[in-house]
Amino acid sequence: MPRSTIRTKRTARSLAVTAALALGVVACGVGAASAAPDPRPTTAPVTAPTAKDAKVPASFAKVSEGGDHTVDLTIDDGPSPVWTPKVLSVLAQNHVKATFCMIGENAVKYPELVKEVAAAGNRLCDHSMDHDMTMDKKSDAYQSDQITAARSAIDAAAGGAKAEYYRAPGGAFTPFSRSVAAAHGLRPLGWDVDPRDWSRPGTANIVAAVEKQLPNGPIILLHDGGGNRAETVAALGQLLPWFKEHGYGFSFPERSAA
């Protein structure tokens with residue numbers, strides 16, 4: 001029998017089974033309403049934004065708004081009901097602000113924490129909806145949905161504040177995703193200093209790595225989500241006074257400069 005005929009018969013049988021199952025579900029009184037609709041947008045084809053669409057540069061932020069000898073703390077993967085309040089407490093004790101790069105689904109779960117972060121004078125950053133570190137290998141439509149859905153979730157929870165940056169999970173940026181971010185007013189945000197605190201190397205190693213890498217640039221990557229962040233909280237408690245003792249100020253990454 002030709003393969004095309006076999007496939008046609010298999011498809012017909014599959015459709016028949018699907019129809020029968022659907023009728024059985026309705027007959028049992030379950031109905032389609034039992035399945036919650038996916039609130040995220042469908043991945044329809046999208047057109048890449050142009051430079052004219054950009055509200056901020058699509059290039060990576062490289063400069064601190066505070067100028068030379070400042071550091072820009074960025075805190076990723078929250079908000080976390082356990083660790084975000086602890087990070088906020090350390091920042092407040094030292095009169096320091098940071099940029100919090102939030103995962104959209106966490107913003108949906110913990111909107112009160114998004115609002116608390118923003119109310120304390122910190123800035124907000126879109127860190128994608130699901131933290132898919134392979135999103136640079138996915139379709140343009142998927143990347144666009146990850147960025148715009150997270151932005152909407154963060155903005156809705158923030159009590160008036162808005163996300164101002166976009167950081168791709170794991171650095172999985174593409175030229176397309178940066179153009180989408182820029183068209184939505186989100187400056188692409190990389191990092192200069194990465195102590196890999198997510199791997200929990202020990203508080204002393206986090207502190208030492210930050211101090212060693214500071215000549216690389218002002219943007220420091222740390223985490224308040226994704227696991228136990230006790231070492232990060234402890235490291236911040238040591239680093240913030242150290243920065244001040246060595247004459248560093250604290251600021252935010254530049255949004256408007258190319």
Interatomic distance, Cys101 atom SG to Ile75 atom CD1 [nearest 0.5 angstrom]: 8.5 Å
Residue pair Arg196 / Leu221, side-chain heavy-atom distance below 4.5 Å: no
Ser256 side chain to Glu254 side chain, donor-acceptor N/O pair below 3.5 angstrom: yes
Charged N-O contact under 4.0 Å between Glu164 and Arg255: yes
Backbone N/O of Gly227 and side chain of Trp83: donor-acceptor pair under 3.5 Å: yes
Straight-line distance of Thr99 OG1 to Ile219 CD1, nearest 0.5 Å: 8.5 Å
Value rounded to 0.5 Å, distance of CG in Leu113 from CG in Leu88: 8.0 Å
Candidate pair Asn106 and Val114, rule side chain to side chain contact (heavy atoms under 4.5 Å, CB included), full reasoning: CA-CA 9 Å; Asn106 289 345; Val114 180; over 6 Å; no
Donor-acceptor side-chain pairing of Ser64 and Asp72 below 3.5 angstrom: yes
Flag, side chain of Arg151 to backbone of Ile147, donor-acceptor distance under 3.5 Å: no
Flag, side chain of Asp197 to backbone of Ile206, donor-acceptor distance under 3.5 Å: no
Pair Thr174, Gln143: side-chain N/O donor-acceptor within cut-off below 3.5 Å: yes
Chi angles and distances behind the side chain to side chain contact (heavy atoms under 4.5 Å, CB included) call for Val233, Val87: CA-CA 6 Å; Val233 173; Val87 170; 4.0 Å; yes
Aromatic plane relationship, Tyr248 with Phe243 - under 30° parallel, 30 to 60° tilted, over 60° perpendicular: perpendicular
Donor + acceptor pair across side chains of Arg167, Thr74 (<3.5 Å): yes
Close side-chain approach of Ile103 to Asp77, heavy-atom, < 4.5 Å: yes
Listed once per pair and sorted, the ring pair (Phe, Tyr, Trp, His ring centres under 6.0 Å) pairs that draw on residues 147-174, sequence neighbours left out: Phe60-Phe173, Tyr166-Phe173
Pair His223-Asp76, side-chain donor/acceptor within less than 3.5 Å: no
Pair Ser251-Thr70, side-chain donor/acceptor within less than 3.5 Å: no
Any donor-acceptor pair under 3.5 Å from Gln146 side chain to Met135 backbone: no
Phe250 side, atom CZ; Lys97 side, atom NZ - distance, nearest 0.5 Å: 12.0 Å
Donor-acceptor pair between Asp224 and Thr84 side chains, under 3.5 angstrom: yes
Nearest-0.5 Å distance that lies between atom CD in Gln93 and atom CG in Leu236: 11.0 Å
Lys55 side chain vs Arg187 backbone, donor-acceptor pair below 3.5 Å: no
Note, Pro218 side chain near Val71 side chain (heavy atom, < 4.5 Å): no
Where at least one partner belongs to residues 84-129, residue pairs that pass ring pair (Phe, Tyr, Trp, His ring centres under 6.0 Å), sequence neighbours excluded: His127-His131
Between CG on residue Leu240 and CG on residue Asn94, distance to nearest 0.5 Å: 4.5 Å
Lys138 and Asp132 ion-paired at < 4.0 Å: yes
Backbone N/O of Ser144 and side chain of Thr148: donor-acceptor pair under 3.5 Å: yes
Whether over 12 other heavy atoms sit under 6.0 Å from Lys244 NZ: yes
Main-chain N/O of Ala98 paired to Asn122 side chain as donor or acceptor, under 3.5 Å: yes
Whether Asp126 side chain and Ala150 backbone form a donor-acceptor pair below 3.5 Å: no
